[in-house]
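First up is the structure itself, then whatever we jot down about it.
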Amino acid sequence: MGSASSAELAPLLRKLESIATLSGAAREAVAALPMTVRVVEPRHDLARDKDRPSHCCVVLTGWACRYKLLDEGRRQILSFHVPGDIPDLQSLHLQVLDHSLGTVTQCRVGFLPHEALRELCVRFPDAASALWRDTLIDASIFREWMTGIGRRTAHGRIAHIICEMYLKLHAIGLAENDRCPWPVTQTDIGDALGLSNVHVNRVLGDLRAQGLIGPRERDLVIQDWDALRALGEFDATYLHMERKAAA
């Protein structure tokens, strides 16, 4: 347990300010939200399907994901989440979760009481608007993922998700010069995009051979952004990033 540092809260503020305008007072109020911070190990649940949470989770460090499990144990990842994301923000208005939320890597996670978030929204309409806009962008990303899984080739799906995650990380200051953290496994990618491990491995090998991404490392290196974007038919409009986030 603990409290979040100003450095850990920076991605949340950068994320909100990349999609909306916050007044100085609203920015201070977001930074002052009461929060209980926990370190959660990789592959642990933060919330489970059918839970009735009384708080929302903000990812401070690390990566998390939303997912659904079928009866046979097969997993469908619904979205990846990076620092600054509040992946269960909808629990502020939907009492019962219809999916699970888990860590991909070790994460520091801040737990924000619903009551505090509701008070923030009442006192600062611009903060409420930013949070509402964030949920709408979430829905936009879901539509894009659905289109990808239904109609893009395997190469296009993987190229698209690389472009998406790079821009999300860039918006919060965690990616630059075509390099970004990439802690997801081939299994994670397959579970997100409806592909087998063998297929994911083959596609990543093809992208490297074509010079679109760099050799296998802890970080992902994009070597040809334009070609990767074209392969994935990637148009960043659906991310609705109106401005570069504040430092």
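For reference, positions follow the sequence shown, starting with 1.
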Could you state the interatomic distance from CD1 (I158) to CG (L207), rounded to the nearest 0.5 Å? 6.5 Å
dist L169:CG -> R179:CZ (nearest 0.5 Å) comes out at 13.5 Å
With distance as the sole criterion, is a donor-acceptor pair present between the side chains of D45 and Y67 under 3.5 Å? yes
Below 4.5 Å, heavy atoms only, C-beta onward: do Q106 and V39 meet side chain to side chain? yes
Flag the pair R74 and D191 as a salt bridge only when some basic side-chain nitrogen lies within less than 4.0 angstrom of an acidic carboxylate oxygen. no
Checking R48 against S100: is there a side-chain donor and acceptor pair closer than 3.5 Å? no
Got more than 12 heavy atoms from elsewhere within 6.0 Å of CZ, R43? yes
Does the side chain of H240 come within less than 4.5 Å of I19's, by heavy atoms? no
Count the heavy atoms of every other residue, nucleotide or ligand shown that sit under 6.0 Å from CH2 of W225, and state whether that count exceeds 12. yes
Going by distance alone, is a donor N or O of one side chain under 3.5 Å from an acceptor N or O of the other, for S23 and D126? yes
Taking 4.0 angstrom as the limit, do R66 and D88 come out as a salt bridge? no
Flag if over 12 foreign heavy atoms under 6.0 Å of CD, E115: no
CD of Q95: more than 12 outside heavy atoms within 6.0 angstrom? no
Within the 6.0 Å centroid threshold, strictly below: F142 and H99: no
